[in-house]
Amino acid sequence: MSDIARIVSEIAEEMRQRPDRGDVATYIPQLARVDPNAFGIAVVDAAGNVAAAGDCEVPFSIQSISKVFTLTLALGKVGEGLWTRVGREPSGSPFNSVVQLEYEHGIPRNPFINAGAIAVTDVILSGHQPREALGEILRFMQFLSDDRSIYIDEAVAKSEKATGFRNIALANYMKSFGVLENPVDFTLGVYFHHCAIAMSCRQLAMAGRFLAMHGFNPTTGCPVVPDGRARRINAIMLTCGHYDGSGEFAYRVGLPGKSGVGGGILAVAPGKASIAVWSPGLDATGNSHLGRIALERLTKAMGWSIFGA
Ligand code: DON
């Protein structure tokens, strides 16, 4: 067994046994049904070797992790012009904050808070029907993971649509400033559905490889994005990927990472590996409690923190 495979299975075993598991999100009722004892981890290294353990093959709701991929698509569509629609500074606020949007005249602080991700989704939607935009996002995930079985969990999308009052408020507020081009219902429909994409840790780690490998998809050898763009997406993941928990994540883990309220985290060790972890219980900032601890263990053991061993 390689070092990394041993470390990954030791981490999974420790996480399986820990009593402190955080609290599963309940504001999207369908997410409250997930087993809080689940734990999965998958690491794809630069040579393409996969080390995975625990519930690494179980699909879970990727939620806000989808925002990394919608940001990538929107930058591909409109380039740097995207930054007139959304900022790229950390917010220091919860992911669904309303008050900050008012201060900043409807321009969201960054593409990972909910308001910012809704604005990014609107950019992808322009010129398309919602069904086409959603198909583009899903196919992008399938292409990056090299796995056509990735799907949208309709029950999760429906559950969020029925209870998404904050997001509806954020979207309407942005619309009043002309920040959204499309009908609010259409933009939110695409947003709720891309948050409801279900993927396993293995699939997610595969999808993140281009960010770890200078923009290249190692399977095909083709660039997904230019090197400089991968670097910049990683920078935004580091500074904004865990909302008001981003500082703590950088301090403890030391990698660009993006969390979701489904309990997943995608983390990128540039030049070394793409990593996905999943544990549904969240901490007070809405980020996976054991997911963060597992990544802290892994980066320490492998010397992967971007700030030094
Ligand atoms: O819009 C929402 O509230 C969810 N679809 C996504 C939020 C999320 O994942 C925040 N991340 N930790």
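Note that the numbering runs from 1 along the sequence shown for the chain. All ligand and atom numbering here is 1-based and tracks the order in the structure.
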Checklist line | Protein residues that have a heavy atom under 4.0 Å from any atom of ligand 1, sorted by chain and number | finding: Y27, Q63, S64, F95, N114, E160, N167, Y191, C195, Y243, S259, G260, V261, G286
Next item on the list: Look at K158 together with E154 and state whether they make a salt bridge at an N to O cut-off of under 4.0 Å.
Entry: no
Checklist line | salt_bridge(E89, R109) N-O dist < 4.0 Å | finding: no
Next item on the list: For the pair D3 (side chain) and R6 (backbone), establish whether a donor and an acceptor sit closer than 3.5 Å, ignoring hydrogens and angles.
Entry: no
Checklist line | Contacts of type ring pair (Phe, Tyr, Trp, His ring centres under 6.0 Å), residue F60, not counting sequence neighbours | finding: W278
Next item on the list: State, without any angle test, whether D122 and N182 hold a side-chain donor-acceptor pair at a distance under 3.5 Å.
Entry: yes
Notebook entry, point to check: Is any side-chain heavy atom of F112 closer than 4.5 Å to a side-chain heavy atom of I236?
Noted result: yes
